[in-house]
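Take a look at the structure set out below.
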There are 2 protein chains.
Amino acid sequence: MREVFQTELHEVQSRLVELAQDATRVIEKATNAFNQSNVHLADDAIAIADATANKALALDELVIKILARQSPVARDLRILVSALRISASLERMSALAGHIAAIARYRFPDSAVPAPLRETFVEMGKLDVELGKKVVELLQNTDVDFARQIQAQDARIDELHRHVFDVVLGSDWKENAMYTVDVTLASRYHERFADHVVDISAKVSYLTTGDWNDAE
Amino acid sequence: MREVFQTELHEVQSRLVELAQDATRVIEKATNAFNQSNVHLADDAIAIADATANKALALDELVIKILARQSPVARDLRILVSALRISASLERMSALAGHIAAIARYRFPDSAVPAPLRETFVEMGKLDVELGKKVVELLQNTDVDFARQIQAQDARIDELHRHVFDVVLGSDWKENAMYTVDVTLASRYHERFADHVVDISAKVSYLTTGDWNDAE
């Protein structure tokens, strides 16, 4: 029974890794679509994001089946409940990245990013892609130090998010309302993507440090 | 054992109702704060939203304990897993409503809503409050027809959300970037609030119709 359970947990883990890889592919394509006005990359990103919802649903069904068959307790139970939450976060990450691609698509062939914010969005996108890759690695290795390190990286995204507002609300901003709307939403989506990464890292480190063991 | 389980399920249900009542109180205060530039209501809304996160966490802990003690299967298991997801949605609803209050607070004593969009935001806020109240009722009574009816109401919020963009991107829009940013984000928060209501209703009707019974 224990061996079957371990195999099943392994399956859950590799599906979470796959969802994280999807979210990373979506944000990578979306941020390039957004910064380079590339409509093909935008379409790719949106297609992967759409497929992620079903994968997340299938994973949740698997977790529910394992809960029913194995009736796990203590740490095993918490791992499975965490898997449900992590899958919800990964699905949202793909959706948020898909929204960034949708803005690029909508403005094509124009750019959605005006000159004064181009560098900022390139950096934001790069950071989100890095965070996506780190989540993939974290879900493969569940290392608590690595999880804490990821949580610290979110600070720079928050800084860039605030910078977008400083620029938009500054006296030098002469762009039209369309640009203002696009960069406001795009910045929010980038920031929420990183928030979910922090949530996932917090869950993994919580499980790994074993604090949860005492709670049941 | 069954009787204990029913009592525990009841406790989960009443805590979900409480979270839904909180989310409704937050959106009610937030939308009034936003539309009437009332900083006291904004502070109230933010305080309730902050407290909701801990209540949701406590509810999740309770659900995990019940899962561990009772090892439920089939429909009972699905109800508990759904409770975890519904609590996550209710927590996000309070957070989103809190963000609306934060915009009002930030702009005080000025208004965050320019004249051309005042009516739109009053209607959006009213609809979100109504949806919040309906979620409270739905979680108390779990009626499938009522759940479906709620899902249909989200369409009007989406319409208003699009209307905000039409106004902002129209040639008559002469407001500064600050207003553009505020109404873009506020409209998004109102719309996401309603999205979560739809998610919750879908989960309740799925559980109530018994489709889930066949899946395990």
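Chain letters run A, B, ... following the sequence lines, proteins first and then strands; every chain starts at 1. Worth knowing before you read on, the calculation uses all heavy atoms, side chains too, and leaves out hydrogens, waters and symmetry mates.
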Considering all heavy atoms, the nearest B:L77-A:I64 contact | CD2-O, 3.3 Å
Using non-hydrogen atoms and a 4.5 Å limit, figure out which bit of B:L67 sits close to chain A: side chain, backbone, both or neither.
-> both
How about A:M178 and B:V168: do any of their side-chain heavy atoms sit closer than 4.5 Å?
-> no
Value rounded to 0.5 Å, distance of CZ in B:R92 from CZ in A:R92 = 8.5 Å
All pairs passing salt bridge (Lys or Arg N to Asp or Glu O under 4.0 Å) where residues 171-181 of chain A contributes a residue, at least two apart | none
Taking atom CD of A:E119 as the centre, does the number of heavy atoms from other residues, nucleotides or ligands within less than 6.0 Å exceed 12?
-> no
Can you check whether B:R69 reaches A:V73 side chain to side chain, under 4.5 Å on heavy atoms?
-> no
Determine which residues belonging to residues 100-118 of chain B lie within contact range of chain A, meaning some heavy atom pair is under 4.5 Å apart, and list them by number or answer 'none'.
-> B:R107
Proximity breakdown for A:D60 and chain B, heavy-atom pairs closer than 4.5 Å | both
Determine which residues belonging to residues 152-166 of chain B lie within contact range of chain A, meaning some heavy atom pair is under 4.5 Å apart, and list them by number or answer 'none'.
-> B:F165
Residues of residues 185-197 of chain B with a heavy atom under 4.5 Å from any heavy atom of chain A, in residue-number order, are B:L185, B:R188, B:Y189, B:R192
Heavy atoms, side chains only, cut-off 4.5 Å: are A:V181 and B:L169 in contact?
-> yes
